[in-house]
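Below you'll find the structure, written out as structure tokens, and then a few comments.
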Amino acid sequence: MRQRSIPGSTGRVRPLALLGDPVLAAPCEEVTDFGPALERLVEDLFATMYAARGVGLAANQIGVPLRVFVHDCPDDEDRRHLGHLVNPRLVEADGVVVRGPEGCLSLPGLEAGTERYDHAVVEGVDLRGEPRSVHGTGCLQHECDHLDGTLYVDRLTGLRRRRVLRAAARAPWAGEREA
């Protein structure tokens, strides 16, 4: 059996960017350097995601405006989908539109019913630049949104949006946000 390290075990936990931080609202840049710094970034993303008890984390959520995310998302059959994608693009989102509770590590403790397709395909590359394609659901759509400068709250309208924004303004972490 081949020895593999646990993702994030060599990474460091970094502070999370919170709602209102400008890094979350801007589209991320393509990765062009596939060296050791990218490997460290992916390890730090895993370490931070697991420390925060998340299922996905985009690089801009730790203040790095690059198109990279990690994920450890269960599917409808509770099978675990674990990995990372560099320069990912959502190439397919189809099927039934479902509204389910969605949260975000950049809005800790808050969630709202958000509409997402029940099937998504994201294509990108791995740390060595090898092509990868990942099939999944809302988790992948959520992380791709981050890299495009969109939060789930940006997809909400009306009362749902107002409730989340009011709760965010009253949240204990609201004072930690950037203006």
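Just so you know, these numbers use all the heavy atoms, side chains as well, and skip hydrogens, waters and symmetry mates. Position 1 is the first residue of the sequence; numbering continues from there.
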Hydrophobic clusters here meaning ILVMFWY residues chained together by side-chain heavy-atom distances under 4.5 Å, can you tell me if [X] and [Y] are in one?
| X | Y | answer |
| --- | --- | --- |
| Met49 | Val55 | no |
| Val68 | Phe34 | yes |
| Val125 | Val91 | no |
| Val13 | Ile62 | no |
| Leu38 | Leu147 | no |

Where does the angle between the aromatic ring planes of Phe46 and Tyr50 fall among parallel (under 30°), tilted (30 to 60°) and perpendicular (over 60°)? parallel
Distance check, rounded to the nearest 0.5 Å: [X] atom [atom1] versus [Y] atom [atom2]?
| X | Y | atom1 | atom2 | value |
| --- | --- | --- | --- | --- |
| Glu143 | Cys73 | CD | SG | 7.0 Å |
| Leu127 | Leu41 | CG | CG | 9.0 Å |
| Leu156 | Arg99 | CG | CZ | 9.0 Å |
| Tyr117 | Leu140 | OH | CG | 15.5 Å |
| Glu29 | Asn60 | CD | CG | 11.5 Å |
| His84 | Glu43 | NE2 | CD | 10.0 Å |

Could you go step by step and tell me if Glu102 and His142 meet the side chain to side chain contact (heavy atoms under 4.5 Å, CB included) rule? CA-CA 9 Å; Glu102 188 165 333; His142 179 105; 2.5 Å; yes
Hey, are the side chains of Leu105 and Gln61 touching, using non-hydrogen atoms and a 4.5 Å cut-off? yes
Side-chain touch Thr137/Val98, heavy atoms, less than 4.5 angstrom: no
State whether the side chain of [X] and the backbone N or O of [Y] hold a donor-acceptor pair below 3.5 Å, judged by distance alone.
| X | Y | answer |
| --- | --- | --- |
| Thr48 | Arg14 | yes |
| His71 | His81 | yes |
| Ser106 | Ala17 | yes |
| Glu92 | Val121 | no |
| Asn87 | Gly124 | no |
| Trp173 | Pro108 | yes |
| Thr150 | His146 | no |

Quick one, Leu90 with Gln141, criterion side chain to side chain contact (heavy atoms under 4.5 Å, CB included). Give me CA distance, side-chain angles, the key distance, then yes/no. CA-CA 7 Å; Leu90 181 65; Gln141 295 167 69; 4.2 Å; yes
Nearest heavy atoms of Arg67 and Pro88, plus distance in Å: NH2-O, 2.8 Å
Nearest heavy-atom pair of Ala174 and Ala169: which atoms, and what distance? CB-O, 3.5 Å
Verdict with supporting geometry, Leu85 and Arg132, side chain to side chain contact (heavy atoms under 4.5 Å, CB included): CA-CA 7 Å; Leu85 278 173; Arg132 295 288 177 255; 3.6 Å; yes
Taken in chain and number order and not counting sequence neighbours, the residues that satisfy disulfide (SG to SG under 2.5 Å) with Cys144 are none
Checking salt bridge (charged side-chain N to carboxylate O under 4.0 Å, His left out) for the pair Asp72/Arg53: CA distance, chi angles, key distance, verdict? CA-CA 10 Å; Asp72 190 348; Arg53 297 191 170 143; over 6 Å; no
All pairs passing side chain to side chain donor-acceptor pair (under 3.5 Å) where residues 151-171 contributes a residue, at least two apart: Asp145-Arg155
Restricting to side chain to side chain donor-acceptor pair (under 3.5 Å), what partner residues turn up for His119, sequence neighbours left out? Asp94, His135
Go through the steps for Glu30 and Arg89 under the test salt bridge (charged side-chain N to carboxylate O under 4.0 Å, His left out), then give the verdict. CA-CA 11 Å; Glu30 293 282 321; Arg89 297 281 177 214; 2.2 Å; yes
